[in-house]
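One structure is given below, encoded as structure tokens.
The sequence lines fix the lettering, A, B, ..., with proteins before strands; numbering per chain opens at 1.
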Amino acid sequence: MSPEENKPTDFIREAVAEDLRTGRYTYVRTRLPPEPNGYLHIGHVKAFMIDYLIAKENNGELILRFDDTNPAKEETEFVEAIKEDARWLGIEWVKETYASDYFDLLYEWARTLVKKGLAYVDDQTPEEVSKNRGTLTEPGKNSPFRDRSVEENLNLLERMKNGEFPDGSRILRAKIDMAHPNINMRDPAMYRIIHEPPHHRTGDKWKIYPLYDWSHGQNDSMEGITHSLCSLEYENHRPLYEWFLDQLGVFKPRQIEFARLNMNYTVMSKRKLRRLVEEGHVNGWDDPRMPTLRAMRRRGYTAEAILDFIRRVGVAKNYSVTDVALLEECVRDDLNKHALRRMAVIRPLKVVIDNYPNDLVEEMDAVNNPEDPSAGTRKVPFSKVIYIEQDDFRETPPPKYYRLYPGNEVRLRYAYFIKCTHVVKNDAGEVVEVHAAYDPSTKGGDSPDGRKVKSTIHWVSATHAKQAEVRMYDRLFTKEDPEEGEEGFLACLNPNSLEILTGYVEPHLAAPEVGSRFQFERLGYFCADRDSTPENPVFNLTVNLKDTWAKLEKKAK
RNA sequence: UGGGGCAUGGUGCAAUGGCAGCACACCAGCCUUUGGAGCUGUGGAUCUUGGUUCGAAUCCAGGUGCCCCAGCCA
């Protein structure tokens, strides 16, 4: 397939191409407009990649502009976190700016509108403003302060700026139409008074702060942004976006809206994510069960996989909820090609090979990655006593069960064929030890007589294995849409979303580099966690392998 | 009962008046020293009613459903 055919196309890219063709714009410049009041999550990635890629595909530029118009909610800590996450995704920007960089110019532009009789200071209380806005079906009422003179408005605005009035006592409003069917056009607020806390960049210089509608489009214009791409809920704001720019007579970017990313089995709103963290339902913003980028990174997701996911989701205006299974498939797809294979037993069951010499240790050759021959091979020690997965043994096998059971022969991966001879049980009647006999002629896993086994299972040598903590993760919520229903999203938290196991890993996994990713054969992909110590390596389940047997077994029930 | 937007298999996205296709999921099979990976195949969709047209997912009209908007949040 040629790169041409591979290029994604969607209604935004078509609109941008059209604008270039018709000469509406001669270049492309987009902006990334995060508000520094939280950590980035998977939903942001879609918006980020649209902005970044559309600029890049058109030899254009991307400006990273922090939307810091509300000192009550924003912090510098988030600025650094957002940049770190964006860089991890591979996003590049030509310039880092802040809405607050433009406060002076924006104030001048506000004065311009006042002078043109298009903005006024309103002394109504917030309650009165709200009441007089009207409803969806009824028009609003004009403010009694709507027709003040330009001089008085200029004077009042200046004094608002200087901090002469308390919070909430006055606002600057655009003078448009209180009867407009679009409520955003009913004399929207432009500036509000906020004395505390100080702004994270401008300190206590300003006592008035612009609202989104007054700030965003003007900043876009000042920066020469050609395409201001945002989510669907801003569609109703576009008339206002254009009104300001038209009245000012300044450079006019084009706002285009698309559907934001939603995913099932998770929540994406900052408020809800904060509750999960603050109420201790998860262990912080980077808990691997969270949909934040730092959580996904810690869990072992690669940037490549996340970007592939975003690409596969596409861009449209349909409200949509993407299946998290697609994300997981993208992660597997990437890790399958790159992760080194290792053997680890996470729910150990002891196996004694009675006819294997007591003190013999053999080094078995094991392939590091069948998808990538250049990854080479390694030696794995084998001895008389090993651990296998509890799931890989049944005393009485169900139909279609191919693994170890009394009388059955299986292959130990890269080692020998073994046949189960008998078991040892505890007082409770549980199998605590399996005994088996091996066939010395099958070393490496091939039988010279052409004999077949139906199953290959993984193992670790008991005396050589390293004990490790393995954190198994499942979906955070049990319902596809956690927000649906009366009880709220916390009511469907999955009580089993984290299970901590103590397993055994092969010697090559004893001291993993934090963040390194492996496939534990037949189990899934795992990532070494930063909680690892030399005594206790810790692995996070990134994503499980597809498990045909588990599916079969589930269906049989 | 105002305004803005959106309707294509289970899910997400294509088809820009000319054979409704891709991915994920699902199902069946092949292959396999991972019940992994890979490969092959099956089933399943144009919200509805009418109209224009040789021909409609696409154009027109009506209907229905869903989403967004009444913050001095973004």
- Give a yes/no answer on whether the side chain of N264(A) brings an N or O atom under 4.0 Å of OP1 or OP2 in G12(B). no
- Query: Is the phosphate of A74(B), meaning OP1 or OP2, less than 4.0 Å from a side-chain N or O of R192(A)?
  - Reply: yes
- Task: Among A74(B), G5(B), G71(B), find the nucleotide with the atom closest to the side chain of T69(A).
- Result: A74(B)
- Message: Check this for me: does any side-chain nitrogen of one of R170(A) and D122(A) sit under 4.0 Å from a carboxylate oxygen of the other?
- Response: no
- Output yes when at least one side-chain N/O atom of K551(A) is less than 4.0 Å from OP1 or OP2 of C26(B), else no. yes
- Message: From C-beta outward on L326(A), which listed nucleotide comes closest to its side chain: A74(B), U8(B), C24(B)?
- Response: C24(B)
- Message: If you compare every side-chain N and O of R312(A) against the phosphate oxygens of C22(B) (OP1, OP2), does one of them come in below 4.0 Å?
- Response: no
- Message: On the nucleotide A25(B), are OP1 or OP2 found under 4.0 Å from the side-chain N or O atoms that K546(A) carries?
- Response: yes
- Query: Does U32(B) have OP1 or OP2 sitting under 4.0 Å from an N or O in the side chain of T456(A)?
  - Reply: no
- Message: When you compare the ring of W549(A) with the six-membered ring of G35(B)'s base, are the centres less than 5.5 Å apart and the planes under 30° from each other?
- Response: yes
- What nucleotide among U1(B), G71(B), U34(B) has an atom nearest to a side-chain atom of T137(A)? U1(B)
- Proximal nucleotide (of A70(B), A74(B), G35(B)) relative to the Y212(A) side chain: A74(B)
